[in-house]
Structures are given as structure tokens and as C-alpha cells.
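Below is one structure; the comments refer to it alone.
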Amino acid sequence: MNTPQSSSPVWLRTHRCGTLTAADAGRTVTLNGWLAKSRNLGGLLFLDLRDQSGKLQVVVNPETHGALFHQMESVRQESTVGVRGTVRLRPGEMQNAQMATGAVEIVAEEIQVYSESEVLPFAISDITEASDALRLQYRYLDLRRDSVKEKILQRIRIAQLFRKSLESHGFLDFETPYLYKSTPEGAREFLVPSRMHPGSGYALPQSPQLFKQLLMVSGFDRYYQIVKCFRDEDMRADRQPEFTQIDCEISFATLPMVLETFDAVMKEVVNAFYGCEKITSIPRITYQYAMDTYGSDKPDTRFDLTLQDLSALVHEVEFAVFQSALSQGGIVNAIVVPQQEAFFSRKRLDEYTELMKQNGLAGLGWIKVQAEGWQSPMAKFFSPAQIEAVQTALGAKPGDVVLVAAGLRKTVQLGLGLLRNTLAKHLNLTRHEDVRFLWVTDFPAFEYNEEGKRWAACHHPFTSPAFCDIERLETDPGSVHAAAYDLVCNGFELGGGSIRIHQPELQARVFALLGLTPEETEQKFGFLLKALRLGAPPHGGIALGLDRIAMILTGSDAIRDVIPFPKTQRGTCLLTGSPSPLSPQGLSELHLQWKELP
RNA sequence: GGGGGAGUAGUUAAGUUGGUUAUAACGCCGGCUUGUCACGCCGGAGGCCGCGGGUUCAAGUCCCGUCUCUCCCGCCA
């Protein structure tokens with residue numbers, strides 16, 4: 001038998017750097033890794049060796065290993081090396097309590113440099129941060145930093161925990177096509193032209209929605225998939241053009257059963273992640289309650305500052321802004337900010353008023369509650385009895401500041417909801433260690449689009465209307481609730497789902513309401529309607545955003561931090577330089593031609 | 001599509017009402033150094049001040065445009 005030859009034999013490691021402890025003292029070991037740092041004391045050379053598991057100090061003594069010392073003196077940091085040596089317990093005062101492996105060090109006998117690094121574009125350190133652009137351009141270096149690496153490893157662990165939990169609940173891991181059928185409703189799609197079909201093409205899926213429903217029709221009970229989804233929309237800190245969903249579906253499902261199942265899954269994952277009973281139950285609130293109380297359909301409940309309705313109390317107050325709002329069927333709402341009078345300078349109040357104006361409100365009223373009465377531009381419109389009534393209703397005490405908005409219901413709620421979040425940030429009211437999960441249910445199913453003069457699905461057109469509302473589908477679509485739910489945490493939408501329509505007649509009625517002609521329906525979704533006619537189980541499910549969940553559980557500011565190779569806000573990859581110009585040959589094969597539009 | 005923030009050495013930043021040769025730290029190069037771990041000490045090199053116009057005797061600094069990164073609104077069924 002011949003032995004294959006290798007030009008540069010790698011020393012197979014016996015241990016990983018981060019795992020060695022005092023118990024290993026005396027062992028002969030072989031390690032592989034990166035030269036994180038070297039400290040040359042002249043008579044002694046210390047090298048920090050790093051691999052995925054952590055760091056370990058290597059020591060080279062020129063008196064006993066002159067040639068090795070000379071060899072390693074000039075090797076740049078971040079070169080890859082193999083180290084052979086002996087584990088030694090460090091003398092007492094030389095132990096480093098800050099370091100996981102600080103009790104020991106490796107006395108080097110032999111070191112092989114596998115690959116020498118050039119001078120680095122930035123330091124591999126958690127102390128100084130390079131700019132975002134530079135970090136993304138050299139993301140593979142950025143990922144060597146402990147804090148960055150740690151978040152990616154935690155994301156992987158979170159995905160593992162979801163797989164484990166979902167499989168224990170009977171979910172099976174399916175794959176569905178990435179070359180998807182284009183269905184141009186909802187988010188903008190990434191299109192994939194086809195070489196074999198001039199003028200036709202695929203789209204990358206915004207979610208595997210239709211295929212997972214079809215798997216239910218096939219007779220598979222419980223589907224899940226941790227899957228990439230694509231949306232060609234503008235980015236945010238919590239949005240990337242490609243992102244990962246934990247996509248799930250259950251057949252013969254009811255709404256409470258889906259919520260209970262994912263209550264359990266979330267509890268299992270989150271508590272295992274933290275290693276303690278972080279959440280015991282996930283509260284459920286309705287969309288209406290969320291809007292009335294927090295002015296948001298994805299409220300951050302780590303702080304209070306709830307919205308309070310003053311409409312009934314200020315009916316008699318002769319203040320034009322209130323009267324105009326109420327006469328148009330609007331509302332007057334208030335937020336009480338406890339004991340922060342000094343914070344609300346003229347400048348701050350002007351800033352928040354401007355914020356409200358940018359969001360469609362006439363302005364922002366304010367009241368500084370004081371022992372001797374109100375300091376407020378609005379005070380003169382209130383009688384002493386009205387002041388008393390409002391103050392009692394709000395539970396406001398001297399030193400509190402009351403902020404008031406009047407106008408159309410949704411405008412007031414969304415405006416104050418935004419103000420609520422802004423105030424929490426400015427006043428630092430958020431308990432950052434908290435993780436507050438929440439189900440939001442009973443969403444409206446349809447929303448009237450003034451521009452398009454038509455009804456649009458709030459969720460997606462396969463969402464079942466609430467059972468008891470189906471009869472009003474044609475007569476009063478605005479009052480119909482969806483059998484849909486969102487999972488919300490700390491002000492982020494972490495996922496959403498619904499019970500799906502499983503009856504072709506109902507699906508046709510919904511399509512009709514949305515203004516799709518039978519021909520359009522047939523062309524776009526004929527395959528789905530046919531499937532529903534061939535024995536479809538009642539079913540429902542959910543899609544959870546893995547990136548956002550990982551962002552929150554790792555305490556990150558952006559999903560970028562928990563994605564190994566994220567894109568910039570303009571959708572570019574600074575590492576590889578995509579998107580890049582397409583070759584004329586490539587375009588021509590796809591029957592495409594690049595043309596500048598006027 | 002719109003609004004805000006940022007861009008100065010390899011990196012992170014400072015740079016006053018426009019005014020001598022654009023600073024500092026880390027990194028880099030050379031030297032010294034036996035217990036460091038953000039090692040220390042001495043010396044040195046390193047700049048299209050994002051890019052393009054303009055104002056001015058004079059621009060890193062003021063004005064206009066543009067590019068890139070970033071936060072937000074729109075958008076994300």
C-alpha cells in the first residue's frame with residue numbers, strides 16, 4: 001500500500017486551547033491555532049494561541065530553545081501555527097484569573113508556522129471597534145474577535161435548541177424549493193430569470209408559505225424548516241434582504257393549540273438558552289388592547305408609560321384641538337411620565353412636539369403637575385373640577401408630567417406609541433436585562449387601501465378570518481378579525497402566523513374581496529385552490545425570525561451582529577463586492593438585455 | 001423616494017472664530033528587555049483630511065454636488 005504524501009503536514013491536535021486546565025499539567029500536547037498576541041521580554045517570549053474554543057499562553061525560553069525563540073520572535077500576529085509542548089502549572093502569582101486557561105501555560109518544544117499573516121487592516125480585539133464598513137469588508141477577521149464569534153456561536157446554539165424542541169414536539173424537518181413561483185403581492189421579490197424559458201422566471205421565496213401548506217395537504221402532520229427567505233425591500237437594523245425563518249405548520253390545528261405548542265417551544269428554547277426559568281408563560285393580548293394601551297402592535301413591555309384615554313373626561317373642555325378631534329370621532333389620549341419634571345425642558349417639549357407633527361398630529365399638549373396646580377398652556381381651558389377629574393383618572397401626582405395628544409384614533413395611538421418608545425430611550429427606562437414575550441392576537445383581517453380603493457389583507461390572503469366573523473366577509477370586511485397571531489418581544493415582532501383557509505370556497509371569497517378576478521386567482525393560485533379541493537386538513541402555523549430572536553437573546557443592537565456574512569444597508573456585500581455587473585454573455589443566455597430607463 | 005449622523009495615518013479618534021510644519025493612542029519598522037498577559041523602555045517611518053467643483057491672499061475647517069457606511073420614515077401581503 002502506498003501512503004499518500006503531503007507537502008505540508010498538519011500536526012493533528014490533541015487538545016483545544018480553551019479547554020486545558022490545571023488538571024492537564026504535565027501532559028504533552030499538540031495544538032493548532034492563530035497567534036493572537038506575542039509579548040517579547042527578551043529573555044522570554046510569550047505567545048497567546050487562539051482557536052475556536054479560546055486562548056492559551058505559550059512560553060518560549062531562549063536559554064533552552066534558542067532556535068525556536070529566534071524563529072518565533074518575528075512571526076506576525078494572526079499567523080496560523082501548530083504548537084507541540086508540555087502543559088505546565090503557572091507559578092502562583094503568575095496565574096491569570098481573567099483568563100479561562102490562566103492557571104496553565106504551554107512550554108513550547110516545537111512550533112510549525114502553517115501560514116504567516118500580513119499586517120492586519122484592524123486589530124483583532126474587543127477593546128477598539130473598527131468601522132462597520134471595514135469590519136464587513138474583512139468579516140472573516142471580524143469573526144475572530146471574541147465578542148463577535150460568541151454571538152455567532154450563540155445563534156447556532158439557539159438554532160440547535162429550536163431543532164431539538166421542535167423535533168420533541170413531533171415536527172419534521174422538510175426542504176422546500178428556493179426557485180419559487182413569482183406571486184407579486186406583498187414584499188418585492190428577487191427574480192430569477194430562466195435560461196430555458198425566455199420571458200419567464202422564478203422568484204426567491206419571501207417565505208415557503210404555499211409549499212408548507214401543500215405538505216399539510218399531503219398528509220404530513222407537523223412541518224418545520226430553518227430556512228432562508230428573501231425580500232427585496234429597504235433595510236433596517238432588524239431587516240436584511242435574506243434572513244432566516246423557523247417556519248412551522250401543524251395540521252388539524254386550532255388557534256389555541258398552535259399558541260400552546262409554541263408557548264412550550266419558546267419556553268423550552270429560551271429557558272435552556274439562559275439556563276434558568278427566564279419565562280414561565282407568554283401573556284396574550286389583543287391587537288385592540290395593544291393599540292389602546294401601548295400605541296403599537298408590537299409593544300415593548302419592559303417599561304410602563306401606557307396610553308390613557310381622556311376622551312370621555314374632556315368632552316366639556318373648551319379647547320379647540322380636543323373639540324375638533326372628538327367631533328370627528330377621534331380621541332384624546334395621555335401618557336403620564338412620573339417624576340421627571342426637570343427632564344422636560346422647553347427644548348425637549350419642542351422636540352417631541354415636532355416628532356408628533358411629523359407623524360400626522362397637530363401637536364403635543366403638556367401638563368406639569370404641581371402641588372399648587374397645573375403648569376400648562378392648556379390649563380386655562382380646564383375648570384378646577386375638570387382638572388381634579390383628569391388628575392384622578394390619570395393618577396398623576398405633583399412632579400409628574402402629562403403628555404396629551406388629540407386626533408384620529410389611529411394617528412393618536414401610533415404617535416403616542418412612538419413617543420412612548422422615544423421617552424423610554426431618552427429617560428433610560430428600559431430594563432435591558434428583561435426579555436418580555438407577548439402574543440398579540442385578534443388582528444383585523446383586512447385594511448382598506450385608500451390609494452388603491454380596495455381591500456388588502458393585513459396578514460396574507462391565505463389567513464383564515466376568525467370563525468365567528470366569516471359571515472361579515474362581504475358586508476363589513478373592516479370588522480372581520482383574522483385568526484392570526486404575532487409573537488412580540490421587547491418591541492420587536494419575532495414571528496407571526498395564522499390558521500390558514502382550508503376550504504376552497506372561503507379562499508375564493510377572500511380572493512374576490514381582495515379584488516382578484518377568478519382568472520387572476522386561477523393563474524396565480526390555481527394550484528393551491530385545486531389542492532384545497534382534493535382533501536385539505538384544517539391547518540395553521542407560524543414563522544419565527546431566527547435572526548431577531550438571536551439578536552434579542554444575545555443582547556445585540558442589530559441582526560447584522562448574529563449573521564456571519566450580513567449585507568450593508570444598501571444590500572451590498574462589502575467582502576465579495578456583490579452585487580456586481582453581469583456579463584453580456586450571462587444576460588444574453590437568460591434572454592435579457594440591460595437598458596438604462598429614462 | 002425622503003430626513004438625520006458619520007467619513008482626517010494601517011486602525012480609533014482630536015483638530016478652536018478659516019491662518020506657521022495636521023496631533024495623539026494603538027498598530028507597523030529598528031533597538032533594548034527573564035514572568036508578561038492591553039507587558040515595558042528608547043528611536044523611526046507613515047497623510048489625495050472620502051471624491052469633484054466653488055468661495056478666499058489662505059480650506060481638514062465655509063458653500064454646492066457626489067460616493068460610501070449608519071439610524072429612521074416610506075416600504076416590509
Notebook entry, point to check: Think A:Arg39 has a side-chain N or O under 4.0 angstrom from the OP1 or OP2 of B:rC39?
Noted result: yes
Margin query: Quick check for you: among B:rC76, B:rC69, B:rU36, whose closest atom lies nearest to any side-chain atom of A:Asp132?
Written below: B:rC69
Notebook entry, point to check: Roughly how far apart, to the nearest Å, are B:rA59 and B:rU16 at atom C1'?
Noted result: 15 Å
Item checked: Side-chain donor-acceptor pair present, A:Asp469, A:His481, cut-off under 3.5 Å -> yes
Next item on the list: Can you tell me, in whole Å, how much space there is between the P of B:rG27 and that of B:rA22?
Entry: 25 Å
Note to self: For A:Phe46, I'd like to know if atom CZ has over 12 heavy atoms of other residues, nucleotides or ligands within 6.0 Å.
What the structure shows: yes
Check: Is A:Arg231 side chain donor-acceptor paired with the B:rC75 base, going by distance under 3.5 Å alone?
Finding: no
Check: For the side chain of A:Ala237, counting heavy atoms from C-beta on, which of B:rC71, B:rU70, B:rA38 is nearest?
Finding: B:rC71
Notebook entry, point to check: Roughly how far apart, to the nearest Å, are B:rC42 and B:rU11 at atom P?
Noted result: 26 Å
Notebook entry, point to check: Side chain of A:Arg236, base of B:rG74: donor and acceptor closer than 3.5 Å?
Noted result: yes
Item checked: Phosphate contact (B:rU12 OP1 or OP2) by A:Ser131 side-chain N/O below 4.0 Å -> yes
Note to self: Quick check on RNA chain B: between A:Asn96 and A:Gln77, whose nearest nucleotide comes earlier from the 5' end?
What the structure shows: A:Gln77
Notebook entry, point to check: Out of B:rG74, B:rC37, B:rU12, which nucleotide sits closest to the side chain of A:Ala130?
Noted result: B:rU12
Check: Looking for any heavy atom pair under 4.0 Å, which part of the strands does A:Pro461 touch: base, sugar-phosphate only, or nothing?
Finding: base
Next item on the list: Give the rounded distance in Å between these two atoms: CE of A:Met356 and P of B:rC72.
Entry: 17 Å
Check: Are the ring centres of A:Phe446 and A:Trp455 closer than 6.0 Å?
Finding: no
Note to self: Using the side-chain heavy atoms of A:Ala558, tell me which of these nucleotides is nearest: B:rC71, B:rC37, B:rC29.
What the structure shows: B:rC71
Margin query: Can you tell me the base-pairing partner of B:rA59? Count Watson-Crick or G-U wobble geometry only, both distances below 3.5 Å, and say none if there is no partner.
Written below: none
Next item on the list: Write down the distance between CE (A:Met72) and C1' (B:rU36), rounded to a whole number of angstrom.
Entry: 16 Å
Check: Counting any heavy atom closer than 4.0 Å, what does A:Asn40 reach on the DNA or RNA strands: base, sugar-phosphate only, or nothing?
Finding: base
Notebook entry, point to check: Considering only heavy atoms and no angle criterion, is a donor-acceptor pair shorter than 3.5 Å present between the side chain of A:Arg88 and the base of B:rG35?
Noted result: yes
Note to self: For a quick check of understanding: with a heavy-atom distance under 4.0 Å over all strands, which category does A:Ala123 fall into, base, sugar-phosphate or nothing?
What the structure shows: nothing
Item checked: Nucleotide opposite B:rU36 in a Watson-Crick or G-U pair, distances under 3.5 Å -> none
Checklist line | Pair A:Tyr352 + A:His426: ring centers closer than 6.0 Å | finding: yes
Next item on the list: Have a look at A:Thr572 and say if it touches a base, only the backbone sugar-phosphate, or nothing, with a 4.0 Å heavy-atom cut-off.
Entry: sugar-phosphate
Next item on the list: Rounded to whole angstrom, note down the P distance from B:rG2 over to B:rU55.
Entry: 28 Å
Notebook entry, point to check: Side chains of A:Ser182 and A:Glu189: do they bring a donor and an acceptor to under 3.5 Å?
Noted result: yes
Check: Taking the side chain of A:Leu41 as its heavy atoms from C-beta onward, which of B:rU70, B:rG35, B:rU11 lies nearest to it?
Finding: B:rG35
Next item on the list: May I ask you to verify if any side-chain N or O of A:Arg560 is less than 4.0 angstrom from the OP1 or OP2 atom of B:rC71?
Entry: yes
Notebook entry, point to check: What interatomic distance, in whole Å, is found between C1' of B:rA38 and the corresponding atom of B:rC26?
Noted result: 9 Å
Note to self: Does B:rU68 have OP1 or OP2 under 4.0 Å away from a side-chain N or O of A:Arg570?
What the structure shows: yes
Next item on the list: Please give the nucleotide sitting opposite B:rU68 as a Watson-Crick or G-U wobble pair, both distances under 3.5 Å, or none.
Entry: B:rA6
Next item on the list: Remember a base hit wins even if backbone is also touched, and classify A:Ala456 as base, sugar-phosphate or nothing at under 4.0 Å, heavy atoms.
Entry: nothing
Next item on the list: Considering only atom P, compute the distance from B:rC71 to B:rA13 and round it to an integer number of Å.
Entry: 16 Å
Notebook entry, point to check: Would one find a side-chain N or O of A:Gln57 under 4.0 angstrom from OP1 or OP2 of B:rU36?
Noted result: no
Margin query: If I pick the C1' atom on B:rG5 and the same atom on B:rA9, what distance separates them, to the nearest angstrom?
Written below: 24 Å
Next item on the list: Measure from the ring centre of A:Phe46 to the centre of the six-membered ring in the base of B:rU36, then say whether that distance is under 5.5 Å and the planes meet at under 30°.
Entry: yes
Next item on the list: Answer with yes or no whether the side chains of A:Ser479 and A:Asp476 bring together a donor and an acceptor at under 3.5 Å.
Entry: yes
Check: Counting side-chain heavy atoms from C-beta on, which of B:rG74, B:rU11, B:rC72 comes nearest to A:Arg239?
Finding: B:rG74
Checklist line | Any N/O donor-acceptor pair, A:Asp48 side-chain to B:rC37 base, under 3.5 Å | finding: no
Item checked: Side-chain N,O (A:Lys37) to OP1/OP2 (B:rU36) below 4.0 Å -> no
Next item on the list: Using only heavy-atom distances, decide whether a donor-acceptor pair under 3.5 angstrom links the side-chain of A:Arg90 to the base of B:rC37.
Entry: yes
Next item on the list: Examine the base of B:rG35 for any acceptor or donor lying under 3.5 Å from a partner atom in the side chain of A:Glu105, and report the outcome as yes or no.
Entry: yes
Next item on the list: May I ask you to say whether A:Glu519 pairs ionically with A:Lys524, meaning some side-chain N is under 4.0 Å from a carboxylate O?
Entry: no
Notebook entry, point to check: Expressed as a whole number of Å, how far does the C1' atom of B:rC39 sit from that of B:rC32?
Noted result: 14 Å
Check: B:rC72 phosphate, OP1 or OP2: any side-chain N/O from A:Thr422 under 4.0 angstrom?
Finding: no
Note to self: Regarding B:rU12, can its base be found pairing with the side chain of A:Glu129 as donor and acceptor, where the two atoms are less than 3.5 Å apart?
What the structure shows: no
Check: What is the nucleic acid contact for A:Leu134, judged by heavy atoms within less than 4.0 Å: base, sugar-phosphate only, or nothing?
Finding: sugar-phosphate
Item checked: Ring centre gap for A:Phe230 and A:Tyr180 strictly below 6.0 Å -> no
